Amino acid sequence: MRLFCLLCFSLSFGLSVFSQRTQPQYDVAAYVWPAYHDDPRFDEMNIFHDGKGEWEAVYKAKPKFEGHRQPRVPLWGYLDEADPKVQEKVIDTALKYGVNTFIFDWYWYDDKPFLERVLNEGFLKARNNKKMRFYLMWANHTHTAYIDPNEPDKSKVYWRGEVTAEIFDRFTDHIIKDYFSRPNYYKIDGKPVFAIYELGTFINGLGGMEEAKKALDRFRRKCVDSGLKGVHVQAILWGALPATISATPGDTSSTQENTVKFLGIESLTNYQWCHFVPTNQDYAAWGEQAVAKYEEFDRSFSVPYFPHVSIDWDPNPRYPGEAQPAVSGVTPEKLEKFLYKAKRYVDEHPDQVPLVTINAWNEWAEGSCLEPDTLYKYGYLEAVKKVFGEGE
């Protein structure tokens, strides 16, 4: 009997150690821009007639100044990212290099989805999708001609970003049913994470702070009713959040903490460094200014701030005219330095989830992507692997 107990203890201890070793120490989450496929709503915009989605803007891009690295050429070619076999390759590669979570840019305009095919038909039908965690960032900005490479007037509006309470309730039903219920949906404290890109647009669309709070409270109750612990609302932090109960646009006073508490926001992160640091400079200087904000973001709010790292910024494939401001001098070695700074921030905050967000997995039209290109090959992914350790 004693021998049997010892064998059981040894087996249990061994499984415990194995579990600890295979559990990732860091949650490395890369944003996914799901536009590299033939979405039917591109026809509404009269763009991307080659049938390859925004790849068309990427491979038609031209250099606009001396030393301008355009076009950026994907090492894997111009793949259809709504194909589950392509997503199987994407998932395996990401996990191999330590990226273990995808944050899908998710859109809902005129009460129907936009760019959902990569998630629904590609990622979620990939045979290995359960190995990769994912969550949604509701990209609720007004959709303009920004992604139209032939339209110089970027103020042209296709769809407004604001939604009514009724529309919010409808699409959150869809989110709970089709995404939150999946075992690999990313959770914090047992609650599925849902990020909101433009908090001010959300508040204004609902008709003010009080109505926005009611909508989020309904969302939470529906999650609990469906058997979840609630929903973890994450806000994307630009230079600041709408700062007062009246959600005055552009208000950057210290009372922005009111918004976090009133709406029940549980964490913050960034989407892109270009949102709060000028881009017409060398990557090393750009990154130093951005990571210097970590301490300020941490100090300014009572909820966790998760550090963010951007790889690059060059939106010129989307502009038909003169050169747009772009970051220069980007290399995998420089990226590695800032990944280490994000890791250090996580290590210094052991009381919060070890989450780091990265822009992006595949923002080819903005120059910011981990996916291998023909210049650096797998260099950016190697930097992630070096900093955060071996993947699966």
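Only this structure's heavy atoms are used, side chains among them; waters, hydrogens and symmetry mates stay out. Computed from a prediction, not measured in an experiment: that's the story for all the values here.
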Ignoring hydrogens and geometry beyond distance, is a side-chain donor-acceptor pair present between Gln272 and Glu363 at under 3.5 Å?
no
Do NZ/NE/NH1/NH2 and the carboxylate oxygens of Lys156 and Asp148 come within less than 4.0 Å?
no
Under-4.0 Å salt bridge between Asp189 and Lys229:
no
Below 4.5 Å, heavy atoms only, C-beta onward: do Val356 and Tyr345 meet side chain to side chain?
no
Tell me, yes or no, whether the heavy-atom count around Arg218 atom CZ, taken from other residues, nucleotides or ligands under 6.0 Å, exceeds 12.
yes
Between Asp282 and Val327, is any pair of side-chain heavy atoms under 4.5 Å apart?
no
Quick one: does Lys154's side chain have a donor or acceptor within less than 3.5 Å of a partner on Arg318's backbone?
yes
Here the pair of heavy atoms bringing Glu81 nearest to Glu371 is OE2-OE2, 3.7 Å
Could you check whether Lys52 pairs with Glu56 (Lys NZ or Arg NE/NH1/NH2 to Asp/Glu carboxylate O, under 4.0 Å)?
no
In Å and rounded to the nearest 0.5 Å, what is the CZ to OH distance from Phe114 to Tyr158?
10.5 Å
Between Glu151 and Asp153 (side chain of the first, backbone of the second, donor and acceptor by atom type, cut-off under 3.5 Å), is there such a pair?
yes
Quick one: CG on Asp39 to CG on Leu115, what's the gap to the nearest 0.5 Å?
5.0 Å
Tell me whether Arg72 contacts the main-chain N or O of Cys369 through its side chain, where contact means a donor paired with an acceptor under 3.5 Å.
no
pair Ile47-Asn150: side-chain heavy atoms closer than 4.5 Å:
no
For the student: nearest non-hydrogen atoms of Val387 and Lys343, plus distance:
O-NZ, 2.9 Å
What's the verdict on side-chain contact (heavy atoms from CB on, under 4.5 Å) for Asp105 and Tyr271, showing C-alpha distance, side-chain angles and the deciding distance?
CA-CA 10 Å; Asp105 298 349; Tyr271 183 74; 2.8 Å; yes
Indicate the atoms forming the closest heavy-atom contact of Val58 with Pro71, along with that distance.
O-CB, 3.4 Å
Basic-acidic side-chain contact under 4.0 Å: Lys131, Glu88:
no
side-chain contact (heavy atoms from CB on, under 4.5 Å) between Asn258 and Phe262, intermediate numbers included
CA-CA 6 Å; Asn258 289 347; Phe262 188 75; 5.6 Å; no
Parallel, tilted or perpendicular: which fits the ring planes of Trp55 and Trp364, with parallel below 30° and perpendicular above 60°?
tilted
Taking the basic N atoms (NZ, or NE/NH1/NH2) and the acidic carboxylate oxygens, is any pair closer than 4.0 Å for Glu211 and Lys214?
yes
With no hydrogens and no angle check, is any side-chain donor or acceptor of Asn140 less than 3.5 Å from a backbone partner on Gly161?
no
To the nearest 0.5 Å, tell me how far Gln234 CD sits from Leu268 CG.
7.5 Å
Centroid separation under 6.0 Å, is that true for the rings of Tyr179 and His174?
yes
With side-chain contact (heavy atoms from CB on, under 4.5 Å) as the criterion, how do Cys223 and Lys191 come out once you've worked through the C-alpha distance, each side chain's angles and the decisive distance to 0.1 Å?
CA-CA 9 Å; Cys223 286; Lys191 295 188 284 189; over 6 Å; no
Under 4.0 Å between a Lys/Arg side-chain N and an Asp/Glu carboxylate O for Lys377 and Glu382?
no
Can Tyr109 and Arg41 be said to form a side-chain contact (heavy atoms from CB on, under 4.5 Å), step by step?
CA-CA 10 Å; Tyr109 292 121; Arg41 297 195 74 179; 3.9 Å; yes
Over 12 foreign heavy atoms within 6.0 Å of CD, Glu348
yes
Just verifying a value: how many Å separate Ile91 CD1 and Asn184 CG, rounded to the nearest 0.5 Å?
8.5 Å
Taking side chain as C-beta onward, heavy atoms only, is Tyr340 less than 4.5 Å from Phe388?
no
Would you please classify the geometry between the Tyr283 ring and the Trp286 ring as parallel, tilted or perpendicular, with 30° and 60° separating the classes?
tilted
Give a yes or no on whether Glu295 atom CD has more than 12 heavy-atom contacts from other residues, nucleotides or ligands under 6.0 Å away.
no
For the aromatic rings, using the six-membered ring if either is Trp, is the centroid distance between His141 and Tyr107 under 6.0 Å?
yes
May I ask you to check whether Trp238 and Tyr197 place their ring centers less than 6.0 Å from one another?
yes
Taking the six-membered ring for Trp, are Tyr380 and Tyr376 ring centroids under 6.0 Å apart?
yes
What is the distance from atom NE2 of His37 to atom CD of Glu121, rounded to the nearest 0.5 Å?
7.5 Å
At what distance, to the nearest 0.5 angstrom, does CD1 of Ile103 lie from CE of Met137?
8.0 Å
ILVMFWY network linking Trp361 to Leu75, side-chain heavy atoms under 4.5 angstrom
yes
Carboxylate-amine/guanidinium proximity below 4.0 Å for Arg220 and Asp217
yes
In terms of heavy-atom contacts, does NZ of Lys386 have more than 12 from other residues, nucleotides or ligands at under 6.0 Å?
no
So, does Trp138 use its side chain to make a donor-acceptor pair with the main chain of Phe194 at under 3.5 Å?
no
Closer than 3.5 angstrom, by distance alone: can the side chain of Asn204 be matched with the main-chain N or O of Gly200 as a donor-acceptor pair?
yes
Taking the side chain as every heavy atom from C-beta outward, state whether Tyr78 and Val73 have any atom pair closer than 4.5 Å.
yes
Which heavy atom of Val28 sits nearest to which heavy atom of Gly98, and what is that distance?
CB-O, 3.4 Å
Whether Arg170 engages the ring of Trp108 as a cation-pi pair (distance to the six-membered ring centre under 6.0 angstrom, angle to the ring normal within 45°) should be assessed.
no
Answer yes or no: is there a side-chain heavy-atom contact under 4.5 Å between Asp178 and Asn120?
no
Heavy-atom side-chain proximity of Glu288 to Phe338 below 4.5 angstrom:
yes
Note, Leu119 side chain near Pro34 side chain (heavy atom, < 4.5 Å)
no
Does this structure show an ion pair linking Glu296 with Lys293, if we count only N-O contacts that are shorter than 4.0 Å?
yes
Is it true that Asp314 and Arg69 make a salt bridge, defined as a side-chain N closer than 4.0 Å to a carboxylate O?
no
Here the pair of heavy atoms bringing Ala30 nearest to Val99 is CB-CG1, 4.0 Å
Between the main-chain N or O of Phe219 and the side-chain N or O of Thr172, is there a donor-acceptor pair closer than 3.5 Å?
no
Salt bridge between Glu44 and Lys112, side-chain N to carboxylate O under 4.0 Å?
yes
Donor-acceptor under 3.5 Å (Asn270 side chain, Leu237 main chain):
yes
With no hydrogens and no angle check, is any side-chain donor or acceptor of Thr269 less than 3.5 Å from a backbone partner on Phe306?
yes
N/O donor-acceptor pair under 3.5 Å between Trp273 side chain and His308 backbone
yes
Do Phe134 and Tyr185 have their ring centres less than 6.0 Å from each other?
yes
Going through the checks in order, is the ring-ring contact (aromatic ring centres under 6.0 Å, His included) test met by Phe276 and Phe297?
CA-CA 12 Å; Phe276 53 94; Phe297 294 151; 5.6 Å; yes
Which atom names give the shortest non-hydrogen contact between Gln87 and Gly122, and what distance separates them?
CG-C, 3.4 Å
